[in-house]
Amino acid sequence: MAMATGGGDKGSIADINVTPMVDIMLVVLIIFMVVTPLLQKNVSVDMAKTRNPREMREADRDDAIVVAVTRDGKIYIGSDQIAIKDNLGPKVKDMLAAKVDKTVYIKSDRRARYGDVVDVIDVVRATGVDTLGLLTTKAEGKDSGQ
């Protein structure tokens with residue numbers, strides 16, 4: 001609270017200075033506006049846990065092709081859902097046409113049907129992919145991941 005002294009015989013005037021509070025709120029608002037789109041760029045799945053995963057930092061790039069298989073068998077490229085599994089091949093082929101690095105990353109929910117994941121891998125490999133990466137998360141502790 002800031003105190004301002006008035007001139008004359010009025011004495012002191014008590015005003016609340018809200019300018020610093022407004023400045024802080026605007027900075028926080030801008031931070032949230034910048035960070036929020038970065039939080040969810042792909043579909044979120046509960047990936048399988050492994051003890052010795054290999055680091056694949058290339059999968060985090062903006063131009064990386066990430067195919068996700070959810071628990072209920074839905075297929076996504078990035079954040080776009082593929083309605084029919086037959087449309088996956090042409091979409092991946094179109095995305096790979098302009099790229100030099102023909103790597104596709106597949107992440108699947110650990111409770112997804114094995115057959116669905118294998119079908120997606122078969123379709124992606126048939127499009128001319130050089131390298132196929134399977135994304136997992138690191139298991140914590142000795143006994144986890146089994």
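Just so it is clear, the structure is predicted and the values come from calculations on it, not from any experiment.
Here the closest heavy-atom approach between residue Ala64 and residue Ala59 is recorded as CB-O, 3.7 Å. Residues Val69 and Ala112 come closest through the heavy atom pair CG1-CB, 4.2 Å. Between Leu134 and Ile121, the closest heavy-atom pair is CD2-CD1, 4.0 Å. Leu135 approaches Met56 most closely through the heavy-atom pair CD2-SD, 3.9 Å.
Listed by chain and number, the residues in a salt bridge (charged side-chain N to carboxylate O under 4.0 Å, His left out) with Asp63 are Arg61 (sequence neighbours excluded). When the salt bridge (charged side-chain N to carboxylate O under 4.0 Å, His left out) test is applied to Arg57, the partners found at least two apart in sequence or on another chain are Glu55. A search for salt bridge (charged side-chain N to carboxylate O under 4.0 Å, His left out) contacts involving Asp130 returns nothing, not counting sequence neighbours.
Of the inter-residue distances, the one linking Asp46 atom CG with Thr70 atom OG1 reads 12.0 Å to the nearest 0.5 angstrom. Going from atom CD1 of Ile16 over to atom CE of Met21 covers 8.5 Å, rounded to the nearest 0.5 Å. In this structure, Ile65 CD1 and Leu132 CG are separated by 11.0 Å, a value rounded to the nearest 0.5 Å. Remark: Asp101 CG to Thr131 OG1 distance equals 6.5 Å, nearest 0.5 Å. Taken from CE in Met95 to NZ in Lys102, the straight-line distance is 12.5 Å, to the nearest 0.5 Å.
At most 12 non-hydrogen atoms from other residues, nucleotides or ligands lie less than 6.0 angstrom from CG of Asn52. Within 6.0 Å of CZ in Arg111 there are more than 12 heavy atoms belonging to other residues, nucleotides or ligands.
Counting only distance, with no hydrogens or angles, the side chain of Thr127 and the backbone of Val124 share a donor-acceptor pair below 3.5 Å. In this structure, Lys138 contributes its side chain and Arg51 its backbone to a donor-acceptor pair below 3.5 Å.
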**OP:** I would like to know whether Ile75 and Asp116 meet side chain to side chain contact (heavy atoms under 4.5 Å, CB included); could you show each step before the answer?
**Re:** CA-CA 9 Å; Ile75 302 168; Asp116 291 340; over 6 Å; no

